[in-house]
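Every chain is numbered from 1, with letters handed out A, B, ... down the list of sequences. Worth knowing before you read on, the calculation uses all heavy atoms, side chains too, and leaves out hydrogens, waters and symmetry mates. Since this is a predicted model, take the numbers as computed values, not measurements.
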Amino acid sequence: MTFSITTWNVNSIRMRLDGLKHLIEAENPDVICLQETKVQDHLFPKDDITSMGYPHQAISGMKGYNGVAILSKVPLIDPEPLHWCEKEDCRHLFAGVNAGDELGELEVHCLYIPAGGDIPDPLKNPKFAHKLAFLDEQAHWWAARGEQGPERVLVGDFNVAPLISDVWSHARLKNVITHTEIEIIALAALQKSGHWVDAMRHLIGEEVPAYTWWSYRAKDWETANKGRRLDHMWVSPGLKSLLKNVSILKEARDWAPPSDHVPVTLCLSQK
DNA sequence: ATGGTAGGTACCCTA
């Protein structure tokens with residue numbers, strides 16, 4: 001018995017309904033976490049997604065920007081949006097889900113961390129300051145929350161590529177937002193605060209290049225392969241021994257029309 | 001060093 005969960009930054013759910021169908025055909029996950037849905041809740045395409053086999057939907061959206069959603073084959077328990085840095089910007093949603101008799105109830109968190117703009121200096125760039133404050137606030141929240149409660153999964157577009165193997169060129173990107181030292185340190189503090197295990201790296205290994213995002217601006221994204229691992233799947237320590245497989249659906253980058261992020265699917269199992 | 005593309009929105013923002 002396995003439980004599988006996908007994370008995908010769709011860059012507009014309304015532009016990605018065909019892609020969502022392809023994802024479901026390819027991976028058939030139990031739960032799907034979406035970021036950058038870019039739609040208000042009353043316009044969310046819930047009927048289309050119900051007919052794809054995901055009638056249980058928790059959504060937290062706004063007009064034009066951001067937006068997160070959790071889609072599930074099985075009921076979602078007490079879904080709750082969270083807001084950070086005194087903004088109402090729809091970047092975090094969590095819900096309980098029954099992952100089967102063996103795994104029991106899991107708490108699934110879908111997260112979209114701010115991108116942070118272009119200038120890698122929080123004093124000159126308020127978007128980067130917001131990103132760092134967001135990471136810091138999250139870290140304090142998880143630390144205060146402690147270890148009680150069910151096992152947890154934290155997935156989404158974290159907009160940070162912490163390892164050398166997470167970027168196409170460490171030298172070229174070390175001063176580029178997503179791979180600067182200050183945000184890598186802030187992400188590490190967040191990881192430590194919740195005792196999170198990086199499930200992708202646990203399964204893939206630390207050294208193997210692994211990317212989940214390729215810019216729209218590259219002419220031939222696959223040949224240039226200037227990718228970054230911006231999307232992450234973290235689990236609480238009790239789930240570490242159940243990590244079975246991770247799949248980065250690279251082919252999704254060629255679906256028409258593509259998101260610049262590809263879906264990542266994690267499988268958990270007792271055996 | 002620069003500009004390249006995509007999406008939503010409303011003539012510009014964010015990524």
Side-chain angles (χ1 to χ4, degrees), chain A residues 7-20 22-23 33-45 48-49 59-69 83-92 110-122 124-135 155-162 166-169 171-180 183 186-187 211-232 249-264:
Chain A
T7 183
W8 191 20
N9 178 322
V10 286
N11 186 22
S12 168
I13 185 57
R14 289 176 291 183
M15 289 299 295
R16 226 58 70 200
L17 288 172
D18 282 346
L20 189 59
H22 293 138
L23 162 65
C33 292
L34 303 177
Q35 304 86 38
E36 281 205 88
T37 53
K38 292 188 174 180
V39 65
Q40 295 167 96
D41 292 350
H42 72 278
L43 296 173
F44 191 85
D48 300 275
I49 292 170
I59 56 180
S60 175
M62 60 188 283
K63 192 171 185 173
Y65 307 106
N66 312 319
V68 285
H83 299 284
W84 300 93
C85 301
E86 297 171 339
K87 293 176 187 281
E88 298 288 313
D89 55 358
C90 303
R91 295 177 178 275
H92 189 171
C110 177
L111 185 64
Y112 176 48
I113 292 175
D118 291 325
I119 302 162
D121 180 346
K124 294 178 182 161
N125 174 5
K127 290 186 205 167
F128 194 45
H130 175 220
K131 182 180 198 174
L132 296 173
F134 188 103
L135 286 161
V155 305
D157 177 4
F158 293 4
N159 269 312
V160 182
D166 292 333
V167 293
W168 65 276
S169 168
R172 294 282 290 276
L173 293 173
K174 66 183 184 194
N175 294 317
V176 173
I177 287 181
T178 64
H179 194 59
T180 66
E183 63 197 300
L187 186 73
Y211 312 141
T212 65
W213 172 90
W214 291 264
S215 172
Y216 282 126
R217 294 172 187 169
K219 277 185 186 132
D220 184 341
W221 70 273
E222 192 162 23
T223 304
N225 198 28
K226 293 181 175 177
R228 304 176 205 171
R229 186 173 68 108
L230 302 181
D231 302 277
H232 295 262
L249 202 61
K250 192 176 172 185
E251 67 195 61
R253 189 61 181 76
D254 276 330
W255 291 343
S259 171
D260 45 354
H261 296 252
V262 299
V264 185

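- Across all strands shown, dC12(B) forms a Watson-Crick or G-U wobble pair with dG8(B), both key distances being under 3.5 Å.
- For Gly116(A) and Met15(A), each mapped to the nucleotide of DNA chain B holding its nearest heavy atom, the one lying further toward the 5' end belongs to Met15(A).
- Counting to the nearest Å, the P atom of dG7(B) and the CG atom of Leu43(A) are 18 Å from each other.
- Distance from the side chain of Glu36(A) is smallest to dA15(B) among dA15(B), dG7(B), dT9(B).
- Rounded to a whole Å, the CD atom of Gln35(A) is 16 Å from the C1' atom of dG7(B).
- Residue Lys63(A) is classed as a sugar-phosphate contact, given heavy-atom separations below 4.0 Å to backbone atoms only.
- With values rounded to the nearest 0.5 angstrom, Met15(A) atom CE is found 10.5 Å from Lys38(A) atom NZ.
- The side chain of Lys127(A) places an N or O atom within less than 4.0 Å of a non-bridging phosphate oxygen (OP1 or OP2) of dT14(B).
- Across every non-hydrogen atom of Trp8(A) and Leu20(A), the tightest pair is CZ3-N, 3.8 Å.
- Put simply, CZ on Phe158(A) is 17 Å from P on dA15(B), counting in whole angstrom units.
- Using a 4.5 Å heavy-atom cutoff, the side chains of Ile13(A) and Leu34(A) are in contact.
- Taking atom P on both dG3(B) and dG7(B), the two are 23 Å apart, rounded to the nearest angstrom.
- Here the rule is side-chain contact (heavy atoms from CB on, under 4.5 Å) with Thr212(A), and of Asn9(A), Asp231(A), Leu249(A) only Asp231(A) fits it.
- In this structure, Met62(A) atom CE and dC13(B) atom C1' are separated by 11 Å, rounded to whole Å.
- Distance, Asp220(A) CG to dG4(B) P: 18 Å, rounded to whole Å.
- To the nearest angstrom, C1' of dA15(B) lies 10 Å from CZ of Arg91(A).
- Rounded to an integer number of Å, the gap from Asn66(A) CG to dC13(B) P is 16 Å.
- Comparing the same atom, P, in dA6(B) and in dA10(B) gives a spacing of 22 Å after rounding to whole Å.
- Taking the six-membered ring where the residue is Trp, Trp255(A) and His22(A) present tilted rings, their angle falling between 30° and 60°.
- Comparing Pro258(A) and Ala115(A), the nucleotide of DNA chain B nearest to each residue sits closer to the 5' end for Pro258(A).
- Taking only side-chain atoms of Arg14(A), from C-beta outward, the nucleotide of dT5(B), dT9(B), dT14(B) with the closest atom is dT9(B).
- Figure legend: cation-pi geometry between Arg253(A) and Trp221(A), with NZ or CZ positioned under 6.0 Å from the six-membered ring centre and within 45° of its axis.
- In this model, the phosphate group of dG7(B) is not approached by any side-chain N or O of Arg217(A) to a distance below 4.0 Å at OP1 or OP2.
- Using a 4.0 Å heavy-atom criterion, one finds that Arg228(A) contacts no nucleic acid atom at all.
- Comparing the C1' positions of dA1(B) and dT14(B) gives an interatomic distance of 23 Å, to the nearest angstrom.
- dT9(B) and dA15(B) have their C1' atoms separated by 15 Å, given to the nearest Å.
- In this structure, Lys226(A) places its NZ atom 22 Å from P of dA15(B), rounding to the nearest Å.
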